[in-house]
Amino acid sequence: MASSRDRQRKLARAKLDRQLARRAAAAKRRRQIRAGVGAAVVLVLIVAGSAWALGAFDSEPEKKTAAEDVCLWAAEDGAVNTNLKDVGEPPTTGLPTSGTRPMTITTNQGGPITVELDQTDAPCGAASLSYLAGRSFFDNTTCHEITAEGALRCGDPTGTGLGGPTYSFYDENLPAAPEPSPSASPAPGQPATYPKGTVAMIGNPPGSNASQFLIFFKDASPAKPAYSVVGKVTGGLDVVEKIGALPTVDNGNGAKVKPKTQVLVQSVTVGEPGAAPAGSPAPSPSASAG
């Protein structure tokens, strides 16, 4: 009987051990499942948090605040063209794109010539002239040519027509060609393409503008306009006409366009946008009264 009871106890113990083992295995599986679910939840929360931080759930994309380029300056190789002078280049952003600013040209031929630069239609031309004037680029240079079209050509420190800074920019305010007519001249009553007093950029080659500019002392309407208008004379037009009447000599290249009397540009200054040009006559007391 003892032996039978011992066998029963052993069988019961073995059954209990199996039950405990199954329960332990089941508990382990439950812990593994819970751990896996918890890790997945944490991963989802991490991904969602990163996406939120990067703005994935924003109702509208964040607007870029970087300033856009107003002008793009093309680099010119001073080693290829040794007439060029490296003075850096103007900024490309933050440039005025409306209104006007004054430019004053002082020469050895009389009172100052004042110009109104057009920042609305020629922001890059106005910016280039302003930048170069601020670096005394034009000081003690010459207006080296009186063109056949009736303009003074200035702004080249070398006086060769090949000089300028080591950057350039494309045409931006080029007039339309005049309407055709049976004769070589524009149709009757049609306004001049470049009225007297116009200031325009001139590049070499055409379309490669930088520092050189024309001041027209008479109306001009070329068949194919090639000069970007950058402003107009507001004072000293009589000085421009006086220079335009000077006799000319050969410029060394077979063209009789060089002023016989040197036309020296003593200085060029550009004022702040909307300011009156330096050297402008002040209003008289009688004019300002009433």
Side-chain angles (χ1 to χ4, degrees), residues 67-97 99-108 112-119 121-145 151-174 199-215 226-231 233 251 258 262-273 275 277-279:
E68 295 184 357
D69 290 331
V70 176
C71 301
L72 297 177
W73 314 107
E76 300 289 340
D77 193 342
V80 174
N81 181 359
T82 57
N83 294 285
L84 302 180
K85 181 180 179 181
D86 188 358
V87 291
E89 62 183 42
T92 59
T93 61
L95 301 173
T97 56
T100 62
R101 69 190 312 170
M103 181 170 74
T104 301
I105 306 167
T106 304
T107 75
N108 64 340
I113 302 166
T114 58
V115 174
E116 184 180 80
L117 297 177
D118 184 352
Q119 297 179 138
D121 294 324
C124 301
S128 182
L129 292 175
S130 175
Y131 176 82
L132 295 173
R135 281 152 182 76
S136 303
F137 187 87
F138 302 109
D139 293 3
N140 299 311
T141 62
T142 62
C143 290
H144 65 278
E145 187 175 325
L152 312 182
R153 183 172 182 172
C154 315
D156 177 1
T158 68
T160 62
L162 302 173
T166 51
Y167 69 84
S168 64
F169 62 95
Y170 297 112
D171 292 330
E172 60 185 338
N173 189 26
L174 198 63
V199 180
M201 305 301 297
I202 179 171
N204 189 4
S208 179
N209 307 296
S211 66
Q212 296 188 51
F213 58 92
L214 301 171
I215 309 176
Y227 317 122
S228 297
V229 176
V230 70
V233 173
N251 66 353
K258 181 179 178 180
Q262 185 188 59
V263 181
L264 180 66
V265 176
Q266 297 165 330
S267 67
V268 174
T269 58
V270 177
E272 293 299 317

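Everything quoted here is computed from the prediction, not taken from an experiment.
In this structure a side-chain-to-backbone donor-acceptor pair under 3.5 Å is missing from Gln119 to Ala126. A side-chain donor-acceptor contact under 3.5 Å links Ser211 to the backbone of Gly155. Side-chain atoms of Asp86 never come within 3.5 Å of backbone atoms of Thr166 as a donor-acceptor pair (strictly under, hydrogens ignored). Asp139 contributes no side-chain N or O that, together with a main-chain N or O of Thr141, makes up a donor-acceptor pair within less than 3.5 Å. Although no hydrogens or angles enter the test, the distance criterion places no donor-acceptor pair under 3.5 Å between the side chain of Asp171 and the main chain of Ala226. Between the side chain of Arg101 and the main chain of Gly271, a donor-acceptor pair closer than 3.5 Å is present. Counting only distance, with no hydrogens or angles, the side chain of Asn173 and the backbone of Ala122 share no donor-acceptor pair below 3.5 Å. A donor-acceptor pair under 3.5 Å is formed between the side chain of Asn81 and the backbone N or O of Leu162.
Counting heavy atoms from C-beta on, the side chains of His144 and Arg153 come closer than 4.5 Å. Here the side chains of Val229 and Asp121 are not in contact, with every heavy-atom distance at 4.5 Å or above. For the pair Met201/Leu129, a side-chain contact is recorded, criterion being any heavy-atom separation below 4.5 Å from C-beta on. In this structure, Tyr170 and Ser228 have side chains that are not in contact, with every pair of non-hydrogen atoms separated by 4.5 Å or more.
Exactly one of Ile202, Ile105, Asp156 qualifies for a side-chain contact (heavy atoms from CB on, under 4.5 Å) with Phe213. That residue is Ile105.
Atoms OG1 and CE, on Thr269 and Met103 in that order, are 9.0 Å from each other to the nearest 0.5 Å. Atoms OG1 and CD, from Thr100 and Glu116 in turn, are 4.0 Å apart once rounded to the nearest 0.5 Å. For the atom pair OG1 of Thr142 and NZ of Lys258, the computed distance is 8.0 Å after rounding to the nearest 0.5 Å. To the nearest 0.5 Å, atom CZ of residue Phe169 and atom OG of residue Ser208 are 9.0 Å apart. Between the CD atom of Gln212 and the CG atom of Leu132 there is a distance of 11.5 Å, given to the nearest 0.5 Å. Summarising the geometry, atom OG belonging to Ser128 is positioned 3.0 Å from atom OH belonging to Tyr167; distances are rounded to the nearest 0.5 Å.
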*Given Thr107 and Cys143, is the side-chain contact (heavy atoms from CB on, under 4.5 Å) satisfied, shown in steps?*
CA-CA 9 Å; Thr107 75; Cys143 290; 5.6 Å; no

*Check step by step if side-chain contact (heavy atoms from CB on, under 4.5 Å) holds for Val263 and Leu152.*
CA-CA 10 Å; Val263 181; Leu152 312 182; 5.7 Å; no

*Just do the side-chain contact (heavy atoms from CB on, under 4.5 Å) check on Phe138 and Cys154 with the steps written out, would you?*
CA-CA 9 Å; Phe138 302 109; Cys154 315; over 6 Å; no

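In terms of heavy-atom proximity, Leu95 sits nearest to Cys71 at CD1-SG, 3.7 Å. Here the closest heavy-atom approach between residue Pro165 and residue Leu84 is recorded as O-CD2, 3.5 Å. For Val270 against Ala133, the heavy-atom pair with the smallest separation is CG2-CB, 3.9 Å. Scanning both residues, Tyr227 and Ala200, for their nearest heavy atoms gives CB-CB, 3.7 Å.
With no hydrogens or angles considered, a side-chain donor-acceptor pair links Ser168 and Glu76 at under 3.5 Å.
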